[in-house]
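One structure below.
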Amino acid sequence: TLDYLDRWDRLVPLAVNAPEAVVVARHAEIGQCVDAFRAAGAKIARMSGSGSTAFGVFDRRLAKEPTLPADTRLVHTRSLTSVAPVKLLD
């Protein structure tokens with residue numbers, strides 16, 4: 001049920017982006033960003049959408065920022081520690 005998706009760790013296996021491999025093959029910097037987030041301990045690290053952004057979901061503040069490709073801008077945001085319950089509408 002959807003109640004199962006109320007925690008980040010349960011979302012990890014579902015966090016996929018089908019075109020990511022194709023885009024990374026043409027733009028290695030995106031893959032380097034995703035890899036850097038994973039190496040820094042991201043629970044989820046992916047390219048968003050069609051590749052304009054890469055993101056990482058961390059369960060705590062990073063002690064050290066990941067090493068990213070030159071001219072890459074890192075933006076820190078804060079999120080909730082759990083995912084809001086989802087209800088299906090009729």
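Here, residue 1 is the first one in the sequence, and each next residue gets the next number.
Side-chain contact between T72 and C33: present, with at least one pair of heavy atoms (C-beta onward) separated by less than 4.5 Å. Under the 4.5 Å side-chain criterion, counting only non-hydrogen atoms from C-beta, T53 is not in contact with M47. Looking only at side-chain heavy atoms (C-beta outward), D35 and P66 stay at 4.5 Å or farther from each other. With a 4.5 Å cut-off on side-chain heavy atoms, V34 and E20 count as touching. Residues F58 and I44 form no side-chain contact, since every pair of their non-hydrogen atoms from C-beta on lies 4.5 Å or further apart.
With sequence neighbours excluded, no residue forms a side-chain hydrogen bond (donor to acceptor under 3.5 Å, both in side chains) with R38.
Under the 4.5 Å side-chain heavy-atom criterion for ILVMFWY residues, a single connected hydrophobic cluster contains both L14 and V57. Under the 4.5 Å side-chain heavy-atom criterion for grouping Ile, Leu, Val, Met, Phe, Trp and Tyr, V22 is not connected to I30 through any hydrophobic cluster.
The CG atom of D71 sits 9.5 Å away from the CD atom of E29 when rounded to the nearest 0.5 Å. Taking CZ of R61 as the start and NE2 of H76 as the end, the distance is 8.0 Å to the nearest 0.5 Å.
A side-chain donor-acceptor contact under 3.5 Å links R46 to the backbone of A15. Counting only distance, with no hydrogens or angles, the side chain of N17 and the backbone of G49 share a donor-acceptor pair below 3.5 Å.
The two residues F37 and A45 make their nearest non-hydrogen contact at CB-CB, 3.9 Å.
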